[in-house]
There are 2 protein chains.
Amino acid sequence: MHSEVVASRSADQRDSSRESRSGTPQLDAVSLAIIQQLQEDGRRPYAAIGKAVGLSEAAVRQRVQKLLDQGVMQIVAVTDPLTVGFRRQAMVGVNVEGDVESIADALTAMSEVEYVVMTAGSFDILAEIVCEDDDHLLDVINKRIRALPGVRSTESFVYLKLKKQTYMWGTR
Amino acid sequence: MHSEVVASRSADQRDSSRESRSGTPQLDAVSLAIIQQLQEDGRRPYAAIGKAVGLSEAAVRQRVQKLLDQGVMQIVAVTDPLTVGFRRQAMVGVNVEGDVESIADALTAMSEVEYVVMTAGSFDILAEIVCEDDDHLLDVINKRIRALPGVRSTESFVYLKLKKQTYMWGTR
DNA sequence: CGCCACGTCTGCGAAATCCGCAATCCCAGC
DNA sequence: GCTGGGATTGCGGATTTCGCAGACGTGGCG
């Protein structure tokens, strides 16, 4: 009933030969299993997680703390923006002349911008915007984003209906 | 030190005149403050939250449980896909002929698709895809998405660099 | 007005959980 | 074979969670 993870106890928690280029350590099967548990319920007690992954309560606690410290995961409350009073959302595609990264940084600094990613394709940057109403959205796009020096053009996609949003990376 | 929320105790926790059209109840200031606390740390103890928002431990516990039951928020672990072994991500814009929603549903059913939203603009649907490698990504886009009957065209934006991703709705 | 129903808040004791720490184990290097 | 570092375990003590009974405030109704 517990989908026990075997993983030959205390194998390679951090095998330095498997570091990704960004310096982020790879995760072993046990840590992955711990993350999965916490993706189902971020408040699940350490003892319960330990039983599921085959580790003691203290060991789970230690690994969770390390994962948090390393920034591999965070345990947070996520909400539906609509119920929290944000009624307009949009994805904005941005084309840039000159330094793309500095524009991306400028977008990152805006509190209405939830999500910024540099892409390959017909946009240089995609940014998701969360606003309270149409006026607010219009203001952010036309007055603030298009005003940035280096922004050549933008294209907006106003959200009509959010169909799916999961946080289950690795739970497949 | 605690940014106390006053809120004239036991005022309108759920004022039925302020229901949004979707039937989701509006949140009062105290619940919002609780959510903010949990957005900073999803495992923060109820007593600490209570001190911050001016409520007893039991009351906070009750409200959090209700927020979870109502689906207003969820407390989960979120990770950086890269560190969990997903090396390719892309946003895909989809154009549809016929029923948009049924295509959106089909995308929603795919485990590689993290995010599906119906939009106004030059795409009918935006979908975010999380894959293990290029082959996997290619397979999902060309074999699975473009094969859906009703999909007229797609345009892909492969992620080069994720600059920002927050879960702080309402914390502004 | 009195009364009741309903929802929320509080206080409190019992059970479960979290936390820190010292001891142990395991592997790699010398 | 010995040693060092990291991971794990076991264990009390402090803290937190949990369930529940009682209090409080509001609104409906005879």
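Being a predicted model, the structure only gives us computed values, none of them experimental. These numbers come from the heavy atoms of this one structure, side chains and all, not from hydrogens, waters or symmetry mates. In what follows, every chain begins at residue 1, and chains take the letters A, B, ... in the order their sequences are listed.
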Rounding to a whole Å, what distance do you find between [X]:[atom1] and [N]:[atom2]?
X	N	atom1	atom2	result
A/I49	C/dC19	CD1	P	12 Å
B/L27	C/dT8	CG	P	13 Å
A/L55	C/dC25	CG	P	17 Å
A/E57	C/dG20	CD	C1'	11 Å
A/L68	C/dC19	CG	P	11 Å
B/K51	C/dT10	NZ	P	14 Å
A/D28	D/dG6	CG	C1'	13 Å
B/Q65	D/dT16	CD	C1'	16 Å

Would you say a side-chain N or O of [X] is under 4.0 Å from OP1 or OP2 of [N]?
X	N	value
A/K66	D/dA7	yes
B/R61	D/dG19	no
A/R43	D/dT17	yes

Toward the 5' end of DNA chain D, by each residue's nearest nucleotide, A/S56 or B/R44: A/S56

Side-chain heavy atoms of B/Q89 within contact of B/E114, under 4.5 Å: no

Side-chain touch A/L162/B/Y115, heavy atoms, less than 4.5 angstrom: yes

Whether B/F157 and A/F123 hold their rings parallel, tilted or perpendicular, with breakpoints at 30° and 60°: parallel

Residue whose closest nucleotide on DNA chain C lies nearer the 5' end, A/Y46 versus A/Q62: A/Y46

Exercise: do B/D105 and B/S102 side chains pair donor with acceptor under 3.5 Å: no

Selected nucleotide, minimal atom distance to B/R63 side chain, candidates C/dC19, C/dT8, D/dT16: C/dT8

CZ (B/R44) with more than 12 external heavy atoms under 6.0 Å: yes

